[in-house]
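Remarks on the structure that follows.
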Amino acid sequence: MTTDDFGASTSDLAESLGVPEDAVLAATGFVTLVGGCSGDPEAGDRFAETLSLYGPDLFLDLADPAVVTAVFDRVLEFQAFDTESIGRAADWLIEHGPRQVAAAAHWIAGAAASSGHIEDAEGHYLRSLAADSDFGPALLYLAQYESDRGNAERALDLYGRLEDGREHPMYQLLSGYRENRDYSLAERARWLYAKIGQFVELSHWRIRAVELALVRASHLPGGHENPSLGLDDFVWDVALFETGAFAEFLRTRGKLLPDDEQLLAQQWLRVGRSLFEVDAVRPGSGITMRDLRTGDRIDVTERTASRQVKAGELYCTRIVPVGDGLWNIFGGAEAVTLPQRGPLMALLDDAEADPEELVSFLSARFAPPRLVTAGGDEMVFCTAEFSVPSSATLRRKLSRRFGAARGDEWAWTDGERVLGVVRLDRTGEPWTLTVEAMSEFDFDDMIELVVAAAPNAREITESRTPAAEMLAQAQQSASEVPGDLDDEELAAILDERIREYEQAWLDEQIPALDGLTPRQAAADPTRRDDLIHLLGTLPAEERPGVMSARRLREALGL
């Protein structure tokens, strides 16, 4: 957002700034004030003119914590101004604004200073509470600082003064550290991880987390309608460590941490994400993971996951020290298939790869499978029904275009491949003509031929459904209702196509087999185990549209 955007309607500005319409004047007034403090003459002139009309009371609505935090977030989000300009605008408000906005003004000054001057920021937050002891944003930031220092009781007191503060995730976590005893570094490791998370949650880095969540959500069913589905533990961890957020946390807030946590955090900063193979499992106790990029074996203390993973499985994650010689996993572990192993390791080794590439690569497994016809077109089930007047010449015209009929049915073919089917129902008046095809390209051609044969045809219905979408729906129904797919014809078509794909796959070069084809790997004793492992990643249950490990093993003589 720039100050030139203020020609928009009040409702548009309210939505853009995230404030009620009656607070738009105060919000836009503050933005123009920041613009004037940044040296923008036009913004400065506009602010002087506005102030001459309304006076300092223009800013009264900023006293509302929801309004002032929304405005501050939007100014940072749109990266319209630097924090120094925002700080100067806050200083103007402190000196010239109405008494009612003193708490908000000090909070703005503190938030602007927090990226480089933590002592100044804390001083402003304390003065904010001196002006209004219940000012929520100041309470929240001071609670963070006390948590960073390891003062659980003081942080809990500050969170407790917030509206619904006892429901805050940090309040729940800090409540576990109320006992009056010294907690070991290993016991405080999860708290340290939460401190970093809170820093990102309440800073401009949250925008990067949302951007990564959108990448993840684009691969998830329903993700386009609900992008928040993409903000899971893995994406959050990438936002903390791969974007530079953690490094900034240490630079700006590291001095608040206890000494041993500072050292541990520095160690975490040097630990990169990698690809691991589960080497051994101790159910209920831990897991031994082998880093496939370095060969190092690490014993991970993990009770829950140790009951779920199996030896030989691959996961992309970060394994970090937590003190006392122990190691743990924060931020989830992404399952990786054998075919993904080579490309993922190349991506992890690429110093220029960005976080979005990593998230997209590891999220692609959630996307519906891409099914194609033998001709390489996306498989889409296309159907159209036409109403046609009865005609003594229609069957002959259709035969000219689609070949000889079997009864009242024409199969349009390309060699041995069936591209589509045309059916004529001559019962009743008018007649009904149905066109079906497996790709939109063929379907459109068939429609054109049908209309040429029957110019008076009137389309009644038309549908185009990607096969992957139909398969996903069918598989979901199958998981809820025992039995095969309801549509036997669909099941037969999918089965035929997947068998064709299996035959072609046997002679494809597979990255997970270092470029060998499955037939070559089966004949090579040094690569046969990799091939067996690869086949083991396929679903054990056979169903239409899914490659059959059993059929492939038989074809390869395994």
Side-chain angles (χ1 to χ4, degrees), residues 368-478 481 483-504 542-546 548:
R370 184 175 182 268
L371 302 175
V372 298
T373 66
D377 299 321
E378 182 182 1
M379 191 182 295
V380 179
F381 291 93
C382 305
T383 302
E385 284 190 358
F386 293 86
S387 171
V388 295
S390 56
S391 168
T393 62
L394 179 58
R395 294 184 77 259
R396 184 170 66 254
K397 291 179 179 179
L398 290 172
S399 294
R400 287 176 185 166
R401 289 162 173 79
F402 297 108
R406 289 197 301 179
D408 282 336
E409 182 176 300
W410 292 261
W412 197 34
T413 61
D414 178 15
E416 297 182 354
R417 291 194 300 125
V418 176
L419 305 180
V421 175
V422 177
R423 297 186 181 89
L424 180 62
D425 182 356
R426 292 188 287 169
T427 61
E429 175 64 36
W431 294 347
T432 301
L433 196 63
T434 302
V435 181
E436 296 177 350
M438 294 290 293
S439 83
E440 292 185 284
F441 181 80
D442 295 332
F443 183 64
D444 289 337
D445 283 350
M446 293 178 70
I447 294 294
E448 186 175 332
L449 293 172
V450 164
V451 172
N456 295 323
R458 181 175 62 85
E459 188 175 83
I460 304 171
T461 63
E462 179 182 314
S463 66
R464 303 176 185 227
T465 307
E469 181 180 319
M470 293 185 70
L471 176 60
Q473 293 172 353
Q475 289 174 339
Q476 182 176 357
S477 299
V481 181
D484 296 327
L485 297 177
D486 294 335
D487 190 335
E488 294 182 3
E489 183 177 4
L490 167 61
I493 293 172
L494 288 174
D495 188 59
E496 177 185 351
R497 297 304 182 209
I498 205 66
R499 286 173 184 266
E500 292 177 359
Y501 179 76
E502 287 173 0
Q503 290 303 308
E542 294 192 16
R543 55 183 184 269
V546 178
S548 166

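Numbers here are sequence positions counted from 1. These values consider heavy atoms only, across backbone and side chains, with no hydrogens, waters or symmetry-generated copies.
In this structure, Val450 and Phe402 have side chains that are in contact, with non-hydrogen atoms separated by less than 4.5 Å. Between Phe443 and Val380, the closest side-chain pair of non-hydrogen atoms is not below 4.5 Å. Two residues are said to be in side-chain contact when any heavy atoms from C-beta on lie closer than 4.5 Å; Arg401 and Trp410 fail this criterion. Put simply, the side chain of Asp425 does not reach to within 4.5 Å of the side chain of Thr434, judged on heavy atoms. The closest side-chain heavy-atom distance from Asp444 to Arg464 is below 4.5 Å. The closest side-chain heavy-atom distance from Glu440 to Cys382 is below 4.5 Å.
Checked by atom type and distance alone, the side chain of Arg423 never pairs as donor or acceptor with a backbone atom of Thr432 at under 3.5 Å.
Partners of Glu459 according to the side chain to side chain contact (heavy atoms under 4.5 Å, CB included) rule, which considers only residues two or more places apart in sequence or in another chain, are Ala384, Phe386, Glu462.
Here CG of Leu419 is found 6.0 Å from CH2 of Trp412. Values are rounded to the nearest 0.5 Å. The CG atom of Leu398 lies 10.5 Å from the CZ atom of Arg400; values are rounded to the nearest 0.5 Å.
Pairing each heavy atom of Leu394 with each of Ala453, the nearest pair is CD1-O, 3.9 Å. Closest approach of Glu429 and Pro389 over heavy atoms only: OE2-CA, 4.1 Å. Met446 and Val421 get closest at one heavy-atom pair: CE-N, 3.6 Å.
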